[in-house]
Each structure stands twice: as structure tokens, then as C-alpha cells.
Participant: 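Would you mind keeping the following structure in view while I ask a few things?
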Amino acid sequence: MKTVSEVRRSLPRAAWWVACLCVSVVVLQPLYVMISQSLKSTSEATQSPPTRYPHGISADNYEALGNTGSVGIWTHVGNSLFVSIGATLLTVVLATLAGYGFAKLRFVGSGVLFFLILATFMIPFQAVITPLFSILHTLGLNNSLTGLVLVYTTFQLPLGIFLMRNSFAALPASIEEAALIDGCGYVSAMVRVMLPVAVPGLISTALFTFFTSWNEFFAALVLVTDEAKFTLPVTLTVLASNQLGALNWGIMQAGVAVTAIPCIVLYLVLQRYYVAGLVAGAVK
Amino acid sequence: MATTTVASPPRARPAVPRRRLTQARRRQFVGLALVSPALLVVFVFFLLPLGMTFWMSLHDWPLLGEHTWVGLGNYTKALSDDTWLDSVVFTLKYTLFVTPLLFVAALALAVLVNRPGRPARVFQTVFFLPVVIGFAAAAYLWLYLAQPGLGPLNAMVGDGESNWFATSTSALVTVVLMVIWKMTGMQMILLLSGLQSIPAELTEAARIDGAGPWKSFRYVTLPLLRPTLALVLVFSVAGSLLAFDQFFIMTAGGPSNSTITAVYQIYRTSFINFDLGYGAALSAMLMVVLAAVSAVQMLLLRKTDFS
């Protein structure tokens, strides 16, 4: 009798584990296919029906990535790093300054300006891409990675300013006053006293900008036309179109892995900040 | 405040307010200076293009050469442009298809992983994983999974040989599967934060009053979750209306241009045909719809306690 009731009590728990593990398999299976396909040898990668796991690990596909397209994958990794890190640094600096200004140093019209910046939330860049293209053309920033950095910064700034303003506003005014009395100026009060406390908001802002810039496809496709300057997501279209007719899916998945794995690693390391920023930004 | 200065000598009085005033002014000035770099960027790369969208939409504006004023000509043209109207209808179809599926999947997962303890946290992390992969990478991954004759998913679910991109409906279903795989985790996390903000005493009280798990979910949890549900729905609709990457990569708009979304059509107008004026007019129309969706979002948020 005792064992029956024990079994009955542990049933829901077992069902929970089964359900969660099943969903995990569905979620992880495509990622497994991506990695296993990229590690197959060239002949195995094109086998039909596909093999379930690589018979012998091979770096063929990753080596081939180096020679695909006109400049090789490393230039594209470099382009992506330049754009993502550039946009992240610029967004963090501008959002910190503006967030502090909006939170602690209110001026006439600051409320209106804050609302104006938040309005950028409402209209995504897909809707203004046509004139954006013309403006970058006029500024001589068409087909340039710097132009892309500025565009990504613009559309990440509202979230960044919002998160940083909230971080600063949550701190009591007495901390800032103490710093000012001790002889700090406004800017050094911000950098030395307030900023360390606002670091979680800062990391969330940086992570979001990095992920968005690394993965962004549409603006990168439209605003950069020179293949040597493509970022990784757009480079994937080159991998797909180069081998006419017989697409090599091993090389393709190696390209996908190079694009996706840095994000997965970064997320696993810093997920606490990522999820916190996501939730805070969503319920703005 | 003023009464505390009674003890100070009379001659010091005028000095104190003046110093305060200049300090307040200095404070304002520093505030403006800190905000201005961000303002400059937002002005040049957002407000200016926003204004220009409407200006360009009133012109015939080729990439090179003269612009000519056409008034509302581009808009009247759009209203009878079958390619554009088809893309609008397809975008709505996609949105109506993907939104409820995503929503139900995300709610189920959120309820599933809403537990204390390490295993639940690990599963939250796993389910969220596809969200951090970009749309382009995810689309190319699923393009392979669905390939006839090669793709593991095609071999597993179908006969392995049928081309899922051959008909408009099966292509749409394949893209929707990819989007569900990639986006469910995002909505799950938002719904989970909503679930966790509901005090445990309330569901406990319902249980003591004799409500089963389903009844307490239906009559206690769901009503309290309403602001989060609304928020997630609005996000999902706005995101779906802007769909581009997944169709550009997985279907290339085919078969026979039947899976072209609104943003895709804007892309083709502005950057394939270089008809920038007409592209701007189409953008302006999309913007009005998005602004309406955002307005709904604002209204919903007003009613919550978050602000």
C-alpha cells in the first residue's frame, strides 16, 4: 500500500521531467544537426539520406569557409566584431550619459525629449529604411561599416537610455549629494559613485546591443553592398548562392555555426543580465 | 526651508539664493550636455529619416536623377497595386497564423517551468537558447532541415522527398515551424515573469477553497496575467507584421511570389527597382499600422501597474 501511494505521489514529478526532456530534445535537435553537419567530411555532408552523426570528425567544412566567397570567413567575422563592438561601445557611452542626464539632472524640456527618444521604440528601422539609405548616401556613409554602427546605435539607444535612466533613478539622491559635497563634479560623481551601482543595467544594455548588431540582417543587407564588408548573417547568403545548383550544406552549416555559437556562449555566461534586461525592457 | 536661515546674518541672505540659482542652472546645463550626443544621433538617423519618409513619398524619387512632385500619386497607386495588396494580405495571414500558435506554446512552457529549483532553471535556459541565435542563422539552419532528400526533419516527418517549398501553404508552414522554434522561448520568459509576479497566496487560497489546478489557473492565474498576456500579444503582432529575414532566406518570396511580406515588397520596390519614392509611400503606410499597434500597446500599459 505504501509503495502504491509513493508511486502515485511521484507520478506528477516524473511526468514533469518527461515533458521537459521532450521539449528539450525538440529545442536542441536543430542545434545538434547544425554542429554534426558542420563536422562531417565533404562527401558525407552531401549523402542522402543524411547520416545521423558524423562518421569521423572533420574540419573540412570550416577550412572551406576560409576560401568561400571573395575574402574568406575571417574578414566577415572581423566585420561583425567591428560592427557589434562599435555599436555596443557607442550605445553604452551615449545611453549612460543620457540616462544620467534624464534621471538626475532634469532640465527644461527633458521630459519631452525623453518621450521623443522613447518614440523610436514605436517605429522600427524597417519602416524608415528607404530615407536612411539616402541619408547615409549623402553623408558618404553608404556601403560602410561605420554607417551600420551608427544605425544600430540609433535603434538600440531608446532601450539603453530607458534601462540606464531606471538604474540611475533607483539610486537615492543622497549618494549623489554626498559625492558633490565631497568635491566631485557632476560627471565625476556619475562615473565614480553612481556608475558602479548601475552596472547591471549597463551590462544588459551592452548585451542587447551586441546580440542585435551581431544578428541583424535587413539593414546590413540593404546598407552594405560590397561583399568584402558583409557581416556574418549576410555572408550566409553568399555561402548559399556561390555553389550554383549543388549547395554544400556542410559548409553552409559551418557558417551558421560560426554565426550562432558566439551568441550561445555569451548568453550562457551572462544570461542573468540578459533575461533581467529583457523583462525590464518589455514592461517599460 | 526659508525659516531655517533666520539665525544667519542679514548680509549673507542675497548671496545664498543667487548661488543656488547659478548652481541649478549649471545642473540644467550639464544635464542638457549629457543628453545632447544621444539626441544628435537620434535626430540624424531617426527623426530626419522619419520626416523624409513622408516627403519622399510625395515624389517620384529615383536613385539617380531628378525628383518630381507627384502629390498623393504614390498612395493612390499603392491602393490599386496588386503586388502590394497581395503582400499585405500575406503578411496578415502569416501574423494570424503564427501569433496564436506561438502564444499557446509559450504559455504552456511558461506554466511548465514555473517552479522553484535548479532543474526548472536549467530547462528555462535550454528553452530560451534558440532566441539568442539570429533570424538569418536560424533560417539557414531550418532551410537545411527541410531540404527534400537531405534534410533530417524532412526525412523524419515526411517521406523525405517532397519539396516543402513547392507550394505556398507548405512553405508558410515550414517558416512558421522555424519561427515557433526560435521565438517561443522569448515569449515564455516574459510570461514567466508575469506568472512569478502573482502572489502564491492567491492560488493557495483558491486551492483551499476547493478549486482544482485547472480552475485555479482559469479563474485566478489567467485574469491576473492579463497585462502580460496583452503585452506579449502586441509584441508578437508587431514582430510578425515586420517579417522579412525568414521569407527572404527560406522561400525567397516563392513559389511564384506567393510568400512576399510587406517589408519584403518595400525592399523590392526601394532596393531592387530603386523606386525610392514609391518605397517610401509603402513604408509610410506600414508605419501607420505599426503606430496603431504601438498605441494599443501604450493603452494596455497604462492600465497596468508597471508604469
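Residue numbers begin at 1 in each chain, while the letters A, B, ... track the order of the sequences. Because only heavy atoms are used, hydrogens play no part in the values below, and waters and symmetry mates are left out as well, while side chains stay in. All values derive from a computational prediction rather than experimental measurement.
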Participant: Answer with side chain, backbone, both or neither: which region of B/L63 has an atom nearer than 4.5 Å to a non-hydrogen atom of chain A?
Facilitator: side chain
Participant: Out of A/P158, A/G99, A/A127, return the one with the most heavy atom pairs under 4.5 angstrom to chain B.
Facilitator: A/A127
Participant: For A/L90, is it the side chain, the backbone, both or neither that has a heavy atom under 4.5 Å from a heavy atom of chain B?
Facilitator: neither
Participant: Distance check, rounded to the nearest 0.5 Å: B/Q124 atom CD versus A/Q271 atom CD?
Facilitator: 9.0 Å
Participant: Measure A/L157 against the heavy atoms of chain B and call it side chain, backbone, both or neither at under 4.5 Å.
Facilitator: side chain
Participant: Heavy-atom distance under 4.5 Å to chain A: side chain of B/A38, backbone, both or neither?
Facilitator: both
Participant: Strictly under 6.0 Å, is that where the ring centroids of B/F271 and A/F133 end up?
Facilitator: yes
Participant: Would you say the side chain of A/T130 lies within less than 4.5 Å of the side chain of B/M56, judging by non-hydrogen atoms?
Facilitator: yes
Participant: Side chain, backbone, both or neither: which part of B/A138 has an atom under 4.5 Å from a heavy atom of chain A?
Facilitator: neither
Participant: For A/Y267, which atoms come within 4.5 Å of any heavy atom of chain B: side chain, backbone, both, or neither?
Facilitator: side chain
Participant: Please classify the contact of B/Y140 with chain A as side chain, backbone, both or neither, using a heavy-atom distance under 4.5 Å.
Facilitator: both
Participant: Drop me the distance from B/L241's CG to A/Q126's CD, to the nearest 0.5 angstrom.
Facilitator: 11.0 Å
Participant: Counting only heavy atoms closer than 4.5 Å, note whether A/L221 contacts chain B via side chain, backbone, both or neither.
Facilitator: side chain
Participant: Determine whether B/I133 and A/C263 make a side-chain contact, defined as any pair of heavy atoms from C-beta on separated by less than 4.5 Å.
Facilitator: no
Participant: Just verifying a value: how many Å separate A/M252 CE and B/L143 CG, rounded to the nearest 0.5 Å?
Facilitator: 7.5 Å
Participant: Could you look at B/L48 and say if it's the side chain, the backbone, both or neither that has a heavy atom under 4.5 Å from chain A?
Facilitator: both
Participant: With respect to chain A, which residue among B/L286, B/L32, B/I189 yields the maximal number of heavy-atom pairs within a distance under 4.5 Å?
Facilitator: B/L32
Participant: Measure the spacing between CG of A/L132 and CG of B/L50 and express it to the nearest 0.5 Å.
Facilitator: 11.0 Å
Participant: Rounded at 0.5 Å granularity, tell me how far CG in B/L39 sits from CZ in A/F114.
Facilitator: 11.5 Å
Participant: Does any backbone or side-chain atom of A/L268 lie under 4.5 Å from a heavy atom of chain B? Answer side chain, backbone, both or neither.
Facilitator: side chain
Participant: Heavy atoms only, distances under 4.5 angstrom: which of A/L94, A/V256, A/L236, A/I161 has the most pairs with chain B? Name it, please.
Facilitator: A/L236
Participant: With respect to chain B, which residue among A/T259, A/T212, A/I123, A/I117 yields the maximal number of heavy-atom pairs within a distance under 4.5 Å?
Facilitator: A/I123
Participant: Answer with side chain, backbone, both or neither: which region of A/S134 has an atom nearer than 4.5 Å to a non-hydrogen atom of chain B?
Facilitator: side chain
Participant: Of the listed residues (B/L192, B/V42, B/T125, B/V131), which shares the most heavy-atom pairs with chain A below a 4.5 Å separation?
Facilitator: B/T125
Participant: Taking every heavy-atom pair that is under 4.5 Å apart, which of B/Y267, B/F135, B/W55 has the most such pairs with chain A?
Facilitator: B/Y267
Participant: May I ask you to check whether A/F125 and B/F46 place their ring centres under 6.0 Å from each other?
Facilitator: no
Participant: Given side chain to side chain contact (heavy atoms under 4.5 Å, CB included), test A/S24 with B/V126 step by step and report yes or no.
Facilitator: CA-CA 7 Å; A/S24 300; B/V126 170; 4.0 Å; yes
Participant: If we define contacts as heavy-atom pairs under 4.5 Å, which of A/L150, A/V275, A/L116 has the most with chain B?
Facilitator: A/L150
Participant: Which bit of B/L276 comes within less than 4.5 Å of chain A, counting heavy atoms only: side chain, backbone, both or neither?
Facilitator: both
Participant: Between A/P30 and chain B, with a heavy-atom cut-off of 4.5 Å, which part of the residue counts as in contact: side chain, backbone, both or neither?
Facilitator: both
Participant: For ring pair (Phe, Tyr, Trp, His ring centres under 6.0 Å), just list the numbers for A/F217 and B/F248, CA-CA rounded to whole Å, side-chain angles, deciding distance to a tenth of an Å, and then say yes or no.
Facilitator: CA-CA 10 Å; A/F217 180 73; B/F248 181 81; 5.8 Å; yes
Participant: Should the heavy atoms of other residues, nucleotides or ligands under 6.0 Å from CZ of B/F29 be counted, would the total exceed 12?
Facilitator: no
Participant: Just how far is it from atom CE of B/M52 to atom CD1 of A/I135, taken to the nearest 0.5 Å?
Facilitator: 5.0 Å
Participant: Name the option with the most non-hydrogen atom pairs under 4.5 Å to chain B; the candidates are A/V108, A/V93, A/V128.
Facilitator: A/V128
Participant: What part of B/T53 gets closer than 4.5 Å to chain A, counting heavy atoms only: side chain, backbone, both or neither?
Facilitator: both
Participant: If you define the side chain from C-beta out and look only at heavy atoms, does anything of B/F45 sit under 4.5 Å from A/Y152?
Facilitator: no
Participant: What pair of heavy atoms forms the shortest contact from B/V132 to A/N215, and how long is it?
Facilitator: O-ND2, 3.1 Å
Participant: Highest number of heavy-atom pairs under 4.5 Å with chain A: which of B/G31, B/A136, B/G134, B/A120?
Facilitator: B/G31
Participant: With side chain to side chain contact (heavy atoms under 4.5 Å, CB included) as the criterion, how do A/F218 and B/Y264 come out once you've worked through the C-alpha distance, each side chain's angles and the decisive distance to 0.1 Å?
Facilitator: CA-CA 10 Å; A/F218 185 58; B/Y264 201 157; over 6 Å; no
Participant: Taking every heavy-atom pair that is under 4.5 Å apart, which of A/M34, A/Q37, A/K104, A/Q29 has the most such pairs with chain B?
Facilitator: A/Q37
Participant: Does atom NE2 (B/H67) have a neighbourhood of more than 12 heavy atoms from anything else shown, all under 6.0 Å?
Facilitator: yes
Participant: Where on B/V293 is there a heavy atom nearer than 4.5 Å to chain A: the side chain, the backbone, both, or neither?
Facilitator: neither
Participant: Could you look at A/F211 and say if it's the side chain, the backbone, both or neither that has a heavy atom under 4.5 Å from chain B?
Facilitator: side chain
Participant: What orientation do B/Y144 and A/W249 show, parallel under 30°, tilted 30 to 60°, or perpendicular over 60°?
Facilitator: tilted
Participant: Find the one option among B/L145, B/L112, B/L153, B/T184 whose heavy-atom pairs under 4.5 Å with chain A are most numerous.
Facilitator: B/L112
Participant: Which atoms of B/L47 are under 4.5 Å from chain A, going by heavy atoms: the side chain, the backbone, both sets, or neither?
Facilitator: side chain
Participant: Taking the six-membered ring for Trp and the single ring otherwise, decide whether the centroids of B/F128 and A/Y274 are under 6.0 Å apart.
Facilitator: yes
Participant: With a 4.5 angstrom heavy-atom cut-off, which part of A/L136 approaches chain B: side chain, backbone, both or neither?
Facilitator: side chain
Participant: Under a 4.5 Å heavy-atom cutoff, which of B/R115, B/M285, B/K182 has the most pairs with chain A?
Facilitator: B/R115
Participant: What's the shortest heavy-atom distance between A/A98 and B/V35, and which atoms?
Facilitator: O-CG2, 3.8 Å
